[in-house]
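What follows is a single structure, written as structure tokens, with notes after it.
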Amino acid sequence: MTTINPGLVLGQPIGQRFGASLAIVERALSGKDPMVPNVGFPCVDVRDVAASHIAALEHPESAGERFACCGGYLEFSKFAAILKAQYPDRKIATRVAPNLLMRFLALFDPTIRGIVPALGQRAEVSGAKAQAQLGIQFRDVSDSLLETAAFLLKQDRV
């Protein structure tokens with residue numbers, strides 16, 4: 001067995017059902033929040049996750065190995081800035097909220113409560129092993145983010 005561990009998965013989903021990764025983009029595009037949290041994400045395109053699974057099947061020497069599937073790291077402020085640059089007419093927050101404020105808001109919002117342990121932390125994740133051993137060439141995560149946003153807008157999810 002080979003384990004593929006993706007970061008925040010971005011890109012256009014196949015169907016209408018998708019997980020928490022796209023919900024983060026959906027929330028950013030919604031303009032619901034006046035500021036963004038001081039957190040970041042190791043990100044990867046969904047097609048790179050799929051390619052990693054296929055490559056693991058094609059490389060028997062990958063058996064028993066774990067591969068981080070990460071095309072790059074985005075602070076939420078950079079994440080929001082990319083979206084704001086592409087959609088300047090949308091109310092997308094780019095200012096970083098103080099950690100203390102986020103901790104207070106977490107008392108009332110379960111979504112925020114889930115990120116409190118990550119405030120101010122940076123998860124150092126590298127996809128170098130997947131690149132070297134599986135031959136994966138990760139897509140630019142900024143492009144994947146914009147493709148995700150375009151999908152959500154086209155589907156009237158935001």
Side-chain angles (χ1 to χ4, degrees), residues 3-13 16-53 65-132 136-158:
T3 305
I4 305 296
N5 296 307
L8 180 77
V9 181
L10 298 171
Q12 184 172 333
Q16 293 298 315
R17 296 186 63 189
F18 45 83
S21 294
L22 269 61
I24 292 171
V25 180
E26 192 173 39
R27 184 166 177 150
L29 286 170
S30 75
K32 174 182 178 182
D33 303 310
M35 290 185 269
V36 297
N38 181 21
V39 296
F41 314 97
C43 301
V44 66
D45 189 283
V46 65
R47 294 165 292 192
D48 295 335
V49 177
S52 296
H53 282 89
E65 296 288 332
R66 291 180 176 177
F67 295 93
C69 205
C70 177
Y73 186 88
L74 287 176
E75 294 288 339
F76 204 105
S77 57
K78 173 75 172 164
F79 187 95
I82 292 167
L83 292 173
K84 184 70 171 172
Q86 183 70 24
Y87 303 102
D89 295 337
R90 296 194 75 85
K91 185 181 173 189
I92 299 171
T94 56
R95 225 172 82 209
V96 178
N99 290 348
L100 186 59
L101 175 61
M102 294 304 296
R103 291 180 192 287
F104 174 73
L105 293 174
L107 297 172
F108 310 100
D109 187 333
T111 304
I112 295 173
R113 192 174 308 127
I115 65 165
V116 166
L119 288 173
Q121 305 294 316
R122 182 178 171 104
E124 294 293 335
V125 178
S126 172
K129 182 177 175 181
Q131 288 175 314
I136 301 301
Q137 295 302 312
F138 292 105
R139 289 170 174 78
D140 182 293
V141 293
S142 299
D143 293 339
S144 302
L145 172 60
L146 292 174
E147 289 175 13
T148 305
F151 169 81
L152 291 169
L153 292 166
K154 183 178 178 185
Q155 299 297 314
D156 291 323
R157 298 280 307 197
V158 205

Just wondering, do [Y] and [X] contact through their side chains at under 4.5 Å, heavy atoms?
{"X": "N5", "Y": "V125", "result": "no"}
{"X": "Y87", "Y": "L153", "result": "yes"}
{"X": "V9", "Y": "V44", "result": "yes"}
{"X": "V96", "Y": "V36", "result": "yes"}
{"X": "L22", "Y": "P13", "result": "yes"}
{"X": "R90", "Y": "V158", "result": "yes"}
{"X": "N38", "Y": "M102", "result": "no"}

Just verifying a value: how many Å separate [X] [atom1] and [Y] [atom2], rounded to the nearest 0.5 Å?
{"X": "S52", "Y": "Q131", "atom1": "OG", "atom2": "CD", "value": "9.5 Å"}
{"X": "Q155", "Y": "Q12", "atom1": "CD", "atom2": "CD", "value": "7.5 Å"}
{"X": "K32", "Y": "I92", "atom1": "NZ", "atom2": "CD1", "value": "15.5 Å"}
{"X": "L105", "Y": "T111", "atom1": "CG", "atom2": "OG1", "value": "11.5 Å"}
{"X": "T3", "Y": "H53", "atom1": "OG1", "atom2": "NE2", "value": "8.5 Å"}
{"X": "I82", "Y": "L146", "atom1": "CD1", "atom2": "CG", "value": "6.5 Å"}

Exercise: identify the closest heavy-atom pair between [X] and [Y]:
{"X": "G72", "Y": "V141", "value": "N-CG1, 3.8 Å"}
{"X": "A68", "Y": "A130", "value": "O-CB, 3.8 Å"}
{"X": "P98", "Y": "M35", "value": "CD-SD, 4.3 Å"}
{"X": "G11", "Y": "T148", "value": "N-OG1, 2.6 Å"}

For I136 and F67: C-alpha separation, side-chain torsions, deciding distance, then whether side-chain contact (heavy atoms from CB on, under 4.5 Å) applies. CA-CA 11 Å; I136 301 301; F67 295 93; over 6 Å; no

My understanding is that only residues two or more places apart in sequence, or in another chain, count here; which of them pass side chain to side chain donor-acceptor pair (under 3.5 Å) with D33? R27

Can a salt bridge be assigned to the pair E147 and R139 using a cut-off of 4.0 Å between side-chain N and carboxylate O? no

Take F41 and I24 through the side-chain contact (heavy atoms from CB on, under 4.5 Å) test and state the conclusion after the steps. CA-CA 11 Å; F41 314 97; I24 292 171; 4.0 Å; yes

Take the angle between the ring planes of F76 and F79 and call it parallel below 30°, perpendicular above 60°, tilted in between. tilted

Would you confirm whether K129, through its side chain, and R66, through its main-chain N or O, come within 3.5 Å as a donor-acceptor pair? yes

Can you confirm whether L107 is buried at CG, in the sense that more than 12 heavy atoms of other residues, nucleotides or ligands lie under 6.0 Å from that atom? yes

Please say which of C69, S144, P6 ends up in a side chain to side chain contact (heavy atoms under 4.5 Å, CB included) with D45. S144

